[in-house]
Amino acid sequence: MEFPFLDELNDSQRQAVIYTDGPSLVIAGAGSGKTRVLTYKIAYLLKMGMRPNTILALTFTNKAAKEMKSRIAQIVGENVARYLWMGTFHSIFSRILRAESEKTGYSKNFTIYDSADSKSLIKAIIKEMKLDDKVYKPGLIQSRISFAKNNLITPQAYASDSDVQKSDLYAKVPLLKEIYQIYSSRCKQADAMDFDDLLLQTNLLFRNHPDALQKYQHIFQFILVDEYQDTNFAQYLIVKKLAEAHKKICVVGDDAQSIYSFRGANIDNILQFKNTYPEAKVFKLERNYRSTKNIVNAANSLIDKNSAQIKKTIFSEKETGELIKVTNVFTDLEEGMYVADNIKLLNKKENYGHQDIAVLYRTNSQSRVIEEALRKQNIPYRIYGGLSFYQRKEIKDVIAYFRLVANRNDEEALKRIINYPARGIGDTTVGKLFATAQLHGVGVWDVLNDMLGYNLPVNAGTAAKLANFRDIIDSYAALITELNAYELAQNIIKGTGILSETFLDRSPENLSKQENIQELLKAIHEFCDEKEKNGEANLYLSDYLAEISLLTDQDTDKGESNRVTLMTVHAAKGLEFKVVFIVGMEEELFPSPFNVDNERDLEEERRLFYVAITRAEERCLISYARSRFRNGKTNFSNPSRFLKDIDERYLDIPKDETILDKPKLTGNWDDEVNLERMRFNKQQPTISFQKEETEYIPVRPKRLAKLPKGDNSKVTTQNPSVPVGAFVKHSIFGIGKVLETSIVNGNEKAEIDFGEKGVKSLLLKFAKLEILQ
DNA sequence: TGACCGCGTCTTTTT
DNA sequence: GACGCGGTCA
């Protein structure tokens with residue numbers, strides 16, 4: 001056969017691969033070999049004679065693009081695969097926007113603002129407009145602007161759209177249109193685009209410059225889109241316009257795994273694909289190759305509770321496998337111990353390697369307890385998400401220097417480093433600088449270049465400091481095409497004193513900062529080497545910045561082996577593990593309390609749970625805790641409503657527990673005691689307790705010691721006269737619990753939680769404490 | 001101006 | 001618990 005690789009596909013997969021006559025939609029159930037279909041389809045197109053640089057393949061993450069590319073390279077060879085247009089929407093279209101810069105009003109080297117930058121700018125604008133940031137919450141404003149952009153509503157359209165205005169009025173933020181307007185012009189002034197701009201500006205480019213649209217329609221003879229269920233309107237329209245000329249488009253996705261609506265993704269894009277392309281062929285991949293029957297069936301029974309979906313029957317031909325084990329524990333700490341213990345067992349008794357195991361959770365903040373439990377048992381793990389390498393302060397600082405050198409209009413970068421390391425330019429001065437720039441409608445850098453001309457109201461000393469800063473940046477900027485990225489980066493790091501800043505003391509923080517900065521330099525070095533090896537000319541600092549601004553730490557995965565993976569369910573999309581722990585299956589956590597008010601959001605949470613379960617190949621273990629320490633407080637919770645959505649035939653539920661509703665315990669006066677009662681209650685189910693029992697019940701410390709919470713690894717005193725976990729009585733504050741003890745200037749100090757009176761920090765030699773037994 | 005402290009807030013997911 | 005903010009003090 002001409003295409004031997006097609007033999008590796010099943011019937012429906014092969015149909016999907018070889019259909020290339022017009023638009024097609026591939027509904028790819030979880031684990032149905034979606035990536036395989038995409039890679040083989042591209043390989044097929046290439047084997048059929050298409051040139052690689054006429055194929056556009058859009059993925060959701062850089063990592064997915066990279067992986068797909070290397071798999072294609074294995075079939076057709078590296079020097080063919082490398083010419084494919086393959087990447088995320090954001091990276092592909094930022095490239096196009098740079099190439100078409102003379103049409104966009106931005107420069108070729110525009111900066112990309114990450115969400116922290118854009119939030120900071122929004123904050124600044126709110127402040128300048130003298131609005132109340134309790135009403136105009138930066139986060140809220142940011143998401144509304146983002147929503148507007150994703151729906152291609154420009155500031156002008158925003159202000160004149162009566163529906164939008166009504167909505168803003170209803171949300172009590174009527175001035176949002178002005179913030180949006182100013183935000184846009186400030187980004188423009190700074191020659192910066194945020195993530196959403198990359199899509200919005202691409203659309204504007206294609207709308208305002210039909211010649212540019214035609215050019216790319218011609219270039220992209222075949223378009224493939226992965227994870228189509230997670231595209232938003234802006235992405236939908238880009239794809240639609242590009243495909244208009246030839247209709248050679250293939251989108252792949254699974255409506256059941258649409259989990260990014262908070263980012264503007266619109267599940268209707270996939271549900272309505274047939275409306276956009278009436279002639280489209282639909283292929284369904286329904287055989288799941290990943291998971292056991294029990295896992296697939298459990299997931300099916302769950303997703304069946306959703307109403308908005310494309311009908312399909314996912315089935316598995318693998319063995320029945322284990323039931324999904326549902327476990328309840330008392331506290332989040334116990335949940336961590338439960339996970340760690342079971343990983344140990346799986347590792348020792350069942351021969352699962354650590355790399356076969358993942359722990360998935362709804363929110364990043366849940367990783368902490370799991371992490372601690374694993375560390376205690378010496379189980380190697382790797383956490384994804386949380387703050388990435390590029391979000392660390394020292395890295396952001398260094399990159400801000402790079403950014404400012406590459407683009408002196410980058411005001412967010414300037415704000416970050418104008419006084420770092422400290423050079424005597426304080427908030428007041430910075431405020432004046434920005435105010436003057438606004439007053440004259442120019443950029444901050446223009447003001448710095450002519451402080452007298454713009455009447456910057458600062459004294460001579462401050463002006464000199466500003467001029468000095470300006471000259472430093474200018475001197476590096478002059479070298480931007482003289483030195484390669486690595487040489488210039490080294491110069492900047494050494495010359496500006498950011499590195500010596502970390503040499504001030506040998507604290508662990510500073511050591512880790514040094515390491516991170518070295519790590520960054522190493523990465524830049526590799527970047528230059530790579531470019532040089534390929535004979536590419538774009539090895540300057542601006543080129544480096546263009547490349548990294550869209551990277552996330554998933555993409556810089558070193559793939560360390562034999563570690564347990566810890567990540568959010570979102571981050572796990574597209575991955576698979578032999579064993580999956582899903583932790584924190586509780587109401588008010590999963591589903592997230594933000595998404596329970598309407599059916600649409602709730603269905604997305606359910607899909608998220610579906611994604612979590614379908615990551616598992618062989619075992620899936622779900623747990624929930626009755627109490628969880630969150631936001632500095634112990635909260636009580638009920639099992640997630642989603643547990644009831646799974647057909648019980650596929651679950652292994654503990655006998656003494658039911659996942660049906662239980663009356664919620666309200667910890668109105670002492671959660672800790674409530675918890676103790678609950679444990680007590682569970683041990684002796686015949687004894688019940690009444691709520692009116694509000695009198696304080698002293699609990700013996702030794703009993704608390706059994707609680708993981710009583711773990712006193714944090715105690716810094718050798719022999720504290722008041723043990724951590726003990727209950728004490730204070731003449732004024734009443735009864736409290738000792739949280740922590742330490743020695744301060746030779747005096748014993750204790751952190752004591754007095755419930756409603758708050759947590760107090762007391763010196764024991766003054767506080768007369770009575771220890772309760 | 002900068003360091004520090006105490007207070008209140010707020011918490012989803014990410015290109 | 002983490003962070004940001006505002007106020008205070010040197």
Side-chain angles (χ1 to χ4, degrees), chain A residues 58-65 87-94 112-116 118-120 123 127 133-134 137-140 142-143 146 149-150 193-199 227 230-232 234-235 258-265 332 360-366 368-369 384-388 390-391 393 419-431 461-462 465 549-555 567-573 584 588-596 601 604-605 607-609 611-612 628-635 714 739-740 751 758-761:
Chain A
L58 297 164
T59 60
F60 192 67
T61 61
N62 294 301
K63 193 179 164 199
T88 60
F89 273 89
H90 292 85
S91 68
I92 294 284
F93 294 109
S94 69
I112 296 175
Y113 274 177
D114 66 16
S115 33
S118 77
K119 195 170 191 170
S120 148
K123 258 189 195 164
K127 206 167 184 178
D133 63 2
K134 300 280 181 317
K137 292 181 186 157
L140 175 86
Q142 188 179 28
S143 73
S146 170
K149 289 185 175 183
N150 284 327
M193 296 200 198
D194 64 18
F195 289 139
D196 303 316
D197 279 326
L198 297 174
L199 305 175
E227 308 281 11
D230 286 322
T231 51
N232 60 35
Q235 292 166 321
S258 161
I259 53 173
Y260 281 97
S261 75
F262 68 92
R263 229 172 71 190
D332 47 349
L360 308 183
Y361 33 79
R362 180 64 181 83
T363 65
N364 275 310
S365 58
Q366 288 166 259
R368 205 191 157 94
V369 265
Y384 291 77
L387 105 144
S388 82
Y390 295 105
Q391 288 168 343
K393 187 189 171 299
N419 198 32
Y420 177 83
R423 45 173 76 86
I425 303 170
D427 289 345
T428 323
T429 309
V430 175
T462 307
K465 287 173 188 161
S549 47
L550 291 167
L551 283 190
T552 60
D553 70 314
Q554 302 243 348
D555 305 317
M567 55 170 52
T568 63
V569 183
H570 280 89
K573 197 176 75 159
E588 265 139 88
L589 186 60
F590 201 169
S592 156
F594 296 96
N595 289 339
V596 293
D601 289 345
E604 175 148 322
E605 291 283 318
R607 289 193 293 271
L608 192 57
F609 188 28
V611 168
R628 179 171 297 277
F629 193 74
R630 271 210 292 170
N631 313 333
K633 274 171 61 190
T634 305
N635 292 306
K714 278 186 187 156
L739 300 176
E740 199 178 337
E751 296 279 327
V759 176
K760 311 281 175 192
S761 182

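In what follows, every chain begins at residue 1, and chains take the letters A, B, ... in the order their sequences are listed.
- Between A:K573 and A:E227 there is a salt bridge, since at least one side-chain N of the basic residue sits less than 4.0 Å from a carboxylate O of the acidic one.
- With rounding to whole Å, A:F590 atom CZ is found 10 Å from B:dT13 atom C1'.
- Atom-to-atom, NZ of A:K393 to P of C:dA2 comes out at 18 Å; the value is rounded to the nearest Å.
- Atom CG of A:D230 is separated from atom C1' of B:dT13 by 11 Å (rounded to the nearest Å).
- The backbone N or O of A:F195 sits nowhere less than 3.5 Å from a side-chain atom of A:Y113 that would complete a donor-acceptor pair.
- Computed from coordinates, the A:F195 CZ to B:dT15 C1' distance equals 6 Å when rounded to whole Å.
- Residue whose closest nucleotide on DNA chain B sits further toward the 5' end, between A:K465 and A:F89: A:K465.
- Applying the side-chain contact (heavy atoms from CB on, under 4.5 Å) criterion to A:N419, with sequence neighbours excluded, gives A:A422, A:R423, A:I425.
- Nearest nucleotide to the A:T428 side chain, out of B:dG2, B:dT1, C:dA2: B:dT1.
- Annotation: A:F60 is in aromatic contact with A:Y260 [ring centroid separation under 6.0 Å].
- Among the heavy atoms of the strands, none lies under 4.0 Å from A:S365.
- Between A:K149 atom NZ and B:dT15 atom P the separation is 18 Å, expressed in whole Å.
- Rounded to whole Å, the separation between the P atoms of C:dG4 and B:dT13 comes to 16 Å.
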Would you check, one step at a time, whether the test side chain to side chain donor-acceptor pair (under 3.5 Å) holds for A:Q142 with A:S118? CA-CA 8 Å; A:Q142 188 179 28; A:S118 77; 2.7 Å; yes

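- Residue A:N150 contributes atom CG, which lies 12 Å from atom C1' of B:dT14 at whole-angstrom precision.
- Side-chain N or O atoms of A:H570 include one that pairs as donor or acceptor with a backbone N or O of A:I259 at under 3.5 Å.
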Protein-nucleotides 6-12 of chain B N/O pairs closer than 3.5 Å?
residue: B:dT11; atom: N3; partner: A:N631; partner atom: OD1; Å: 2.5
residue: B:dT11; atom: O4; partner: A:N631; partner atom: OD1; Å: 3.0
residue: B:dT11; atom: O4; partner: A:N631; partner atom: ND2; Å: 2.8
residue: B:dT12; atom: O2; partner: A:R362; partner atom: NH1; Å: 3.4
residue: B:dT12; atom: O2; partner: A:R362; partner atom: NH2; Å: 2.2

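- Rounded to an integer number of Å, the gap from A:D114 CG to B:dT15 P is 12 Å.
- No side-chain heavy atom of A:L589 sits under 4.5 Å from any side-chain heavy atom of A:N635.
- Residue A:T568 places its side chain closer to B:dT14 than to any other of C:dA2, B:dT15, B:dT14.
- Atom CE in A:M567 sits roughly 13 Å away from atom C1' in B:dT14 (whole-Å rounding).
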